[in-house]
Amino acid sequence: MANLINLEQVGKSFGITPLLDDVSLGVQEGERIGVVGLNGGGKTTLLEVLTGIEAPDSGRVSRVNGLRIAVVTQRGVLPDGATVGDVVLAGLADDQLTDGVAEHEWAANSRIRTVIEGIGIAGLGMDTQVNGLSGGERRRVALAAALVRELDLLVLDEPTNHLDVEGVQWLAAHLLARRSALVVVTHDRWFLDTVATRTWEVVGGKVESYEGGYNDWIFARAERARQADATEARRRNLARKELAWLRRGPQARTSKPRYRIDAAEALIADVPAPRDTVELAAFARKRLGRVVVELEDVTLSTPDGRELVRDLTWRLAPGERVGLVGVNGSGKTTLLRALAGDSDLAAGKRIQGQTIRIGWLRQELDDLPTNMRVLEAISDIAERITLGDREVSAGQMAERLGFSPAKQRTPVRDLSGGERRRLQLTRILMAEPNVLLLDEPTNDLDIDTLQQLEDLLDGWAGTLVVISHDRYLIERICDSTWALFGDGKLTNLPGGIEEYLRRRAALTTQTAAGPANSPAPATDSAAYRASRKEFSRLERSLEKLTEREEKLHTALAEAATDPDRLVTLGTELKQVQAEKNSTEERWLELAEEVG
């Protein structure tokens, strides 16, 4: 394979900070490279030097002649006054060496239509002015403009930030089907693992190269760290031996120490599960009480009257961990605001337990004190908190979420978007909430910070609801997944993200095929309302039966030395389980009726 771009001993600094230091690497034909690293560590700088947007301070960058390349950065700069169609088709016109591409030409091209629909801009309209688009819409338009072209190399900076779960999956499949090489900065670990054949980690001004995607990178990085620790331990040991030798005088060296390098799997052989769900749930019940947040017969609408959710009854349980997914505009953020008590309900009521303290991570960054330094902004919430079974100071929490002691003295107004996101999250955790509502927490966070966040949440005993397009995060920290499909209902997905994507694909196929032969159910009929009422009643019964079942299991364990009590408790447990099974069967029947 031929090299498309080569960097030879490249250096690049901003101020006194070297972001790239004597970096040599290359991109080969057909190679798909994922770029990872800390926020501010030089990932975007590497892309800009690689593609010629920025010139290196030292070293040399060489590219093959006639290289067809497209770059999509986070800047989102689009031509002023242009339409969506102008932007998307401009590059295509250049590739085809024509003055323009007529509408009938691109509309007849299935590849272009697929990109426009897959990236989620079909609804914008090709004649829409880009000046009036949101930041996310502008990013998707720029991405579509690159994807419609035939290229040798595609360079993308955080392309998944403004895509939903379905869009991320589509983009991954599209990139895998292309013949062009790819360099992509991403913090989406599922996406990285799916598309990357190689991973570059930008760290300390250097670029470490690893074979494979996210999983391979994690194993390789852990093994490198283990070997580095072993090397340092050997160095210290040899230094001690040398000192002892100097003190005792010359002695014969009869043997050398032997070292064995275990397989990467040995690194995780004795690592326990991320969290003890049963123990955390039990602790959460003590911390939160029986009632957390409940929505009863709630209807939510947009300001223009479009109904998002209707007749929703949803009771969050102590210690429940919920992932909420859905297409853009389906009402996820509105539902989260309703749980937080910050949204007007068109109908129904919201109930909140007396001991509940809600921590709400919003997508906006307008709640930070820009006149403070980082540590002051964190200490302003609390000096110390109890995390799990130990006490943590504000500085320790800041360091755990990526703020070094030096960075903690930085004014908040000077922080980048990713750093502000981390600060916002740190302040929320320092308030010691027992209910966390996270709206797209992965936006602008690097992978190391995400790992730290997940580690914190592993031992966090509380109720969690998270909206995210990062399927890895949802699968990692949540125990159940719920979806909004735009039909006014909240649907449980036992099969998780995979089930969501299957259902979305089926809905898309059904929509493309036209209306179904069978009429839609009359949801406002008396029969439907009765079924819905019984469905809600059965849900409450199941909660009580499950709670009773757990208590009986605990009582059986405590009565291990009392045969008579064991018999009595065992009989009662069988009755409860039988009732629970029959209730679940009826609940499932009604679930089909009420959707």
Side-chain angles (χ1 to χ4, degrees), residues 14-15 17 38-41 44 74-76 134-136 158 161-162 187 293 333-334 336-343 352 355-388 390-446 448-457 460 462-468 473:
F14 285 97
T17 305
L38 295 175
N39 287 336
T44 297
Q74 295 192 57
R75 299 178 182 181
S134 67
E158 297 287 10
N161 264 6
H162 297 283
H187 62 253
V293 176
T333 296
T334 302
L336 206 67
R337 291 180 58 195
L339 289 173
D342 192 55
S343 178
Q352 178 175 316
T355 61
I356 300 305
R357 296 192 307 277
I358 293 177
W360 181 18
L361 180 69
R362 298 179 297 166
Q363 291 194 47
E364 299 80 17
L365 295 171
D366 54 3
D367 58 347
L368 295 176
T370 55
N371 60 331
M372 293 184 178
R373 297 183 184 273
V374 169
L375 186 56
E376 293 172 344
I378 298 170
S379 302
D380 186 52
I381 303 298
E383 292 285 348
R384 310 185 73 84
I385 64 168
T386 301
L387 193 64
R390 65 191 186 92
E391 198 174 66
V392 178
S393 69
Q396 289 171 324
M397 178 64 86
E399 195 162 358
R400 192 164 179 181
L401 284 172
F403 292 106
S404 65
K407 197 68 175 179
Q408 292 174 25
R409 296 192 292 272
T410 303
V412 173
R413 62 178 174 273
D414 293 340
L415 297 180
S416 67
E419 290 167 335
R420 291 188 179 208
R421 191 69 166 163
R422 273 188 277 149
L423 176 59
Q424 188 184 39
L425 182 58
T426 307
R427 281 165 52 89
I428 287 171
L429 292 174
M430 287 301 291
E432 294 192 89
N434 49 23
V435 175
L436 266 180
L437 306 177
L438 307 179
D439 194 352
E440 295 292 1
T442 65
N443 280 358
D444 300 316
L445 295 186
D446 55 63
D448 287 74
T449 305
L450 285 174
Q451 291 173 340
Q452 289 287 354
L453 171 61
E454 289 165 353
D455 184 53
L456 281 170
L457 294 177
W460 184 75
T463 296
L464 168 70
V465 181
V466 56
I467 296 172
S468 181
L473 180 84

So, the side chain of Arg427 versus the backbone of Ala377: is there a donor-acceptor pair under 3.5 Å, distance only?
-> yes
What is the minimum heavy-atom distance between Arg422 and Gly402, and which atoms define it?
-> NH1-O, 2.9 Å
Spacing of OG1 belonging to Thr463 relative to CG belonging to Leu437, to within rounding of 0.5 Å | 9.5 Å
What is the minimum heavy-atom distance between Arg413 and Arg420, and which atoms define it?
-> O-NH2, 3.0 Å
His187 vs Asn161 side-chain heavy atoms within contact, under 4.5 Å | yes
Considering all heavy atoms of both residues, which atom of Ala394 and which atom of Ala382 are nearest to each other, and what is their separation?
-> CB-O, 3.8 Å
Just how far is it from atom CG of Leu423 to atom CG of Leu375, taken to the nearest 0.5 Å?
-> 10.5 Å
Determine whether Pro369 and Asp380 make a side-chain contact, defined as any pair of heavy atoms from C-beta on separated by less than 4.5 Å.
-> no
Taking side chain as C-beta onward, heavy atoms only, is Thr426 less than 4.5 Å from Arg400?
-> no
Would you mind listing every salt bridge (Lys or Arg N to Asp or Glu O under 4.0 Å) that reaches into residues 369-378, with sequence neighbours excluded?
-> none
Here the gap from Glu399 atom CD to Ser393 atom OG, rounded to the nearest 0.5 Å, amounts to 9.0 Å
Which atoms form the tightest heavy-atom contact between Ile356 and Gln352, and what is the distance?
-> O-NE2, 3.6 Å
Nearest heavy-atom neighbours spanning Leu450 and Thr442 = CD2-CG2, 3.7 Å
For residues Arg357 and Asn434, determine if any side-chain heavy atom of one lies less than 4.5 Å from a side-chain heavy atom of the other.
-> yes
Kindly compute the distance separating CG (Leu361) from CD (Gln424), expressed to the nearest 0.5 Å.
-> 4.5 Å
Decide yes or no for Val374 and Lys407: does some side-chain heavy atom of the first lie under 4.5 Å from some side-chain heavy atom of the second?
-> no
If you measure from OG1 on Thr410 to CG on Leu415, what distance do you get to the nearest 0.5 Å?
-> 6.5 Å
Which pair of non-hydrogen atoms, one from Ile428 and one from Gly359, has the smallest distance, and what is that distance?
-> CG2-CA, 3.8 Å
Please confirm whether the backbone N or O of Leu336 pairs with a side-chain atom of Asp439, one donor and one acceptor, at under 3.5 Å?
-> no
Per the side-chain contact (heavy atoms from CB on, under 4.5 Å) rule, which among Val392, Leu425, Ile378 passes with Met430?
-> Ile378
Check: Gln408 side chain, Phe403 main-chain N or O, donor-acceptor pair, under 3.5 Å = yes
Here the gap from Glu391 atom CD to Gln396 atom CD, rounded to the nearest 0.5 Å, amounts to 9.0 Å
Non-hydrogen side-chain atoms of Leu436 and Leu429 separated by less than 4.5 Å | yes
